[in-house]
Amino acid sequence: MSAVANRRPLEEQVTLLELVDRVLNKGIVLSGDITLSVAGVDLVYVGLRVLLASVGTFDRLANEGAS
Amino acid sequence: MIHLYAFARNLTTLPAVRGIGGGPLETLAVEDADAVVSRVPKSDVSQEAILQHGLVVEALVDRCDGVVPARFGERFADDEALRAAVERLRPSVGERLRDLDGCVEIAVRVLDARERDSPSPTDGRGYMRAKLGELHERDAVAEALHVPLEREARASIVTPPCAGAVVHDGAYLVPRAGLGTFQDRVDKYAGAHPELTVLCTGPWAPYSFAAGTEVAA
């Protein structure tokens, strides 16, 4: 088990990931006009990067947590 | 353009937090709730804007009886455009707020680093054996962790893990009064499984259940 001092950054990283995941991928969607679909194009791009980062980051966090 | 952060029921006062780009928060009465919005000059999808959206939503949680968070990127030309979109919503904002009343969201992920150490199987039989091992592990987590947590929650959503070390990815809608018991259940599981990393975050505004618990369940 890692030292207690190492746990805080892990928790902060996880909290940030969970927040970004929620803000971008969850929540109520009203949609339906042109302004939004313009924003949507950008969001797909941003969201995809975050998703890819998330998968890799969780793998890394798992290894850190177990070491 | 106006940016929508969330709908709130019985909002006492607006938090001192600024909106994206520094503009003040405003409320707009819709149905029997308040839409919390701010004026933004243009579409801003920076990391700062994303975090600011999250900050505003979390600041609302303790100042009202219920919050339905909006996904980042809900922007409208004017008040009328937002009102028209709200009128089209089914279930209505009011119904969703009632579903979420008094509840917060807790995220629970379980990671297993051990899988990463095993060499990737090169033949069909090895691949299938590895896949079966993963499935069995997920079933075990579901039985020992998800079932007890589900009992403490009004609703839950389990997302099938897409890749990597994640063996459980769950969101739970938990009544505030039940948070202590819920946390105890998570701690008990984590204590019994030192080989796994259990990541529990929250309480969050109920993002994952904003579609209404009927849809979510």
Side-chain angles (χ1 to χ4, degrees), chain A, chain B residues 1 4 6-7 43 45-47 50-51 53-55 57-58 68-77 81-82 84-86 88-89 93 96 105 107 109 111-117 161-166 169 171 194-202 204-212:
Chain A
M1 189 50 79
S2 51
V4 176
N6 289 338
R7 296 201 66 80
R8 182 161 291 278
L10 174 82
E11 281 161 11
E12 280 177 9
Q13 288 178 66
V14 169
T15 304
L16 180 63
L17 279 176
E18 295 284 5
L19 173 66
V20 172
D21 180 34
R22 284 182 163 63
V23 169
L24 291 182
N25 301 323
K26 315 228 161 99
I28 194 169
V29 177
L30 294 93
S31 67
D33 75 50
I34 291 166
T35 323
L36 287 172
S37 62
V38 172
V41 172
D42 290 335
L43 280 173
V44 169
Y45 178 61
V46 172
L48 188 63
R49 275 168 57 204
V50 170
L51 182 65
L52 292 172
S54 302
V55 173
T57 310
F58 276 119
D59 284 357
R60 187 166 53 75
L61 292 176
N63 287 314
E64 282 173 12
S67 61
Chain B
M1 224 189 291
L4 173 67
F7 297 100
S43 174
V45 292
S46 66
Q47 188 185 345
I50 292 165
L51 291 179
H53 178 101
L55 201 64
V57 171
E58 294 306 322
V68 175
R71 186 171 303 199
F72 182 89
E74 293 290 343
R75 293 191 168 107
F76 302 89
L82 171 56
V86 170
R88 287 195 298 268
L89 268 183
V93 167
R96 296 178 204 228
E105 177 175 335
R109 284 187 215 243
L111 313 182
D112 186 352
R114 292 170 304 168
E115 284 177 292
R116 310 296 298 167
D117 301 332
C162 52
V166 182
D169 177 1
E195 76 284 8
L196 302 174
T197 305
V198 180
L199 305 171
C200 181
T201 61
W204 299 104
Y207 282 94
S208 304
F209 303 93

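Lettering of chains follows the sequences in order, A, B, ..., and the numbering in each one begins at 1. What you are looking at is a predicted structure, and each value in this text was computed from that prediction instead of being measured.
Leu196(B) does not touch chain A: none of its heavy atoms, backbone or side chain, sits under 4.5 Å away. For Val86(B), the parts lying under 4.5 angstrom from a heavy atom of chain A are both the backbone and the side chain.
Proximity of a side-chain donor or acceptor of Glu18(A) to a complementary backbone N or O of Ala107(B) within less than 3.5 Å is not detected.
Residues Lys26(A) and Glu105(B) are not paired through a salt bridge, judged by the lack of any N-O separation under 4.0 Å between the basic side chain and the carboxylate.
Side-chain contact between Pro69(B) and Arg22(A): absent, with no pair of heavy atoms (C-beta onward) separated by less than 4.5 Å. Contact annotation: the side chain of Arg71(B) never approaches that of Leu24(A) to less than 4.5 Å [non-hydrogen atoms, C-beta and beyond].
Separation of atoms CG (Leu17(A)) and CG (Leu199(B)) is listed at 9.5 Å; rounding is to 0.5 Å. Residue Leu30(A) holds its CG atom at 4.5 Å from CZ of Phe76(B), rounded to the nearest 0.5 Å.
For Leu19(A), the side chain to side chain contact (heavy atoms under 4.5 Å, CB included) test picks out Val23(A), Leu51(B), Trp204(B), with sequence neighbours left out. Leu55(B) is linked by a side chain to side chain contact (heavy atoms under 4.5 Å, CB included) to Val17(B), Gln52(B), counting only residues two or more places apart in sequence or in another chain.
Contact detail for Glu74(B) and Val29(A): the closest heavy-atom pair is OE2-CA, 3.3 Å.
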